**Student:** 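Input: one structure, supplied below.
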Amino acid sequence: MNGIWGGMLLVGIVYGVLTGEVQAVSEALFSSAKEAIALCVTMFGVMAFWSGLMEIAKDAGLIEAIVRRLRPVMRFLFPDIPEEHPALAYITTNCVANVLGLGSVATVYGLRAMEALEELEEKRRASGHMPESGMEPDAGPGKKARRKHRVRGTAPRPVPRGTASNEMCNFLILNISSLQLIPMSVIAWRGQYGSVNPTAIVGPGIVATAVSTGAAVVFCRRKNRK
């Protein structure tokens, strides 16, 4: 990404010099820098406010209560994660933050969830679990190998180091497609750039993210069966 953005800036500057628009390029650079600082200050205030509310909710036990309420949903989406494993709590908190449109807050818990999932995978490797399902040939010649379904409740096959597990892939897909009820970041951006009704994005955002989340859940469930 750094290379892409750097290349775009370089192309723009070179084009401006070749077309004699050096003054316009200079004005755009300074005005954009000023605008970026103003946007950062605005977003900092919004994120600080909602991050503070998240911490208050956490200290008050509200986040823990939400985690307990959503546990059946998490167990449905991540059946191979042990019930009391901290990864489930991190994943749930990440989803709650995403629903509120707090991408910066969600990122923190998302990273913790990935670390917890990697620790879980290390325990699976150390325990030496063998796969409960494997590729077995069909009776007829020339047919493709088929995979037997793994018995529910048994430990899944550990993946090699450096390879994302099913839980990691599922979590990443859900995180990207996450349902958002209050897209605070987008509302703040719209307000910063003079939108007459910054909250007009809420309805379309709910519909779009609900569809994307539903598609993500269906996709993950189908892939897990395979």
Side-chain angles (χ1 to χ4, degrees), residues 1-8 47 51 54 58 63 66-67 70-138 143-180 185 209 211-226:
M1 290 301 296
N2 291 337
I4 294 174
W5 285 110
M8 292 173 62
M47 288 300 128
S51 298
M54 287 287 290
K58 182 179 179 182
I63 298 298
I66 294 175
V67 169
L70 293 179
R71 185 165 294 171
V73 178
M74 293 296 107
R75 294 294 300 160
F76 171 76
L77 297 175
F78 302 94
D80 293 326
I81 299 179
E83 187 171 354
E84 300 300 328
H85 198 274
L88 283 178
Y90 290 139
I91 291 173
T92 306
T93 307
N94 171 272
C95 293
V96 172
N98 274 325
V99 166
L100 296 176
L102 304 176
S104 300
V105 179
T107 299
V108 176
Y109 290 100
L111 293 175
R112 293 179 181 175
M114 282 296 189
E115 292 174 355
L117 290 175
E118 178 58 27
E119 292 175 0
L120 175 61
E121 205 62 28
E122 283 293 339
K123 291 182 179 179
R124 290 172 179 170
R125 298 185 189 107
S127 63
H129 283 305
M130 297 301 293
E132 289 76 17
S133 62
M135 301 298 292
E136 296 185 0
D138 285 329
K143 292 185 177 181
K144 294 182 178 180
R146 61 185 175 86
R147 184 181 297 274
K148 291 182 178 180
H149 291 291
R150 180 169 54 82
V151 178
R152 183 177 177 85
T154 56
R157 177 180 182 176
V159 299
R161 287 184 176 86
T163 303
S165 64
N166 277 355
E167 293 88 352
M168 291 179 181
C169 294
N170 291 349
F171 172 57
L172 182 60
I173 293 172
L174 290 173
N175 184 68
I176 294 173
S177 64
S178 178
L179 174 67
Q180 287 193 1
S185 299
T209 54
V211 172
S212 64
T213 302
V217 171
V218 173
F219 176 82
C220 291
R221 296 294 295 181
R222 288 179 61 86
K223 287 297 182 181
N224 285 343
R225 288 197 188 99
K226 295 181 180 181

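Bear in mind the structure is a predicted one, so any value in this text is a computation, not a measurement. Basis for what follows: all heavy atoms, side chains included, without hydrogens, waters or symmetry-related copies.
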**Student:** Please identify each residue that fulfils side chain to side chain contact (heavy atoms under 4.5 Å, CB included) with L111, with sequence neighbours left out.
**Tutor:**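 By the side chain to side chain contact (heavy atoms under 4.5 Å, CB included) rule, L111 matches T107.
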
**Student:** Could you list the residues that satisfy side-chain hydrogen bond (donor to acceptor under 3.5 Å, both in side chains) with E115, not counting sequence neighbours?
**Tutor:**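 Counting only residues at least two positions away or on another chain, E115 forms no side-chain hydrogen bond (donor to acceptor under 3.5 Å, both in side chains).
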
**Student:** Contact between T209 and S212 at the side-chain level, heavy atoms closer than 4.5 Å - yes or no?
**Tutor:** yes

**Student:** Only one of L70, I81, L174, N170 forms a side-chain contact (heavy atoms from CB on, under 4.5 Å) with I91, so which one is it?
**Tutor:** I81

**Student:** To the nearest 0.5 Å, what is the distance between CZ (R71) and CD1 (I66)?
**Tutor:** 13.5 Å

**Student:** Do you know which two heavy atoms are closest between H85 and L120, and how far apart they sit?
**Tutor:** NE2-CB, 3.7 Å

**Student:** Compare every heavy atom of I173 with every heavy atom of A216, then report the nearest pair and how far apart it is.
**Tutor:** CB-CG2, 3.6 Å

**Student:** Which heavy atom of P82 sits nearest a heavy atom of R75, and at what distance?
**Tutor:**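 Taking P82 first and R75 second, the nearest heavy atoms are C-NH1, 3.8 Å.
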
**Student:** Does anything in residues 162-178 form a salt bridge (Lys or Arg N to Asp or Glu O under 4.0 Å)? List the pairs, not counting sequence neighbours.
**Tutor:** R124-E167

**Student:** Is any side-chain heavy atom of L117 closer than 4.5 Å to one of Y90?
**Tutor:** no

**Student:** Going by salt bridge (charged side-chain N to carboxylate O under 4.0 Å, His left out), name the residues that satisfy it together with R222, two or more places apart in sequence or in a different chain.
**Tutor:** none

**Student:** Please list, chain by chain and in numerical order, all residues satisfying side-chain hydrogen bond (donor to acceptor under 3.5 Å, both in side chains) with N166, sequence neighbours excluded.
**Tutor:**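 Partners of N166 under the side-chain hydrogen bond (donor to acceptor under 3.5 Å, both in side chains) test: none.
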
**Student:** Which residue pairs pass the salt bridge (Lys or Arg N to Asp or Glu O under 4.0 Å) test with at least one member in residues 102-111, sequence neighbours excluded?
**Tutor:** none

**Student:** Is it true that E121 and R161 have a side-chain N and a carboxylate O under 4.0 angstrom from each other?
**Tutor:** no

**Student:** Does some side-chain heavy atom of N94 sit less than 4.5 Å from a side-chain heavy atom of F171?
**Tutor:**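 They are in side-chain contact.
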
**Student:** First locate atom OG1 of T92, then atom CE of M74, and finally report the distance between them rounded to the nearest 0.5 Å.
**Tutor:**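 Here the rounded value is 4.5 Å.
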
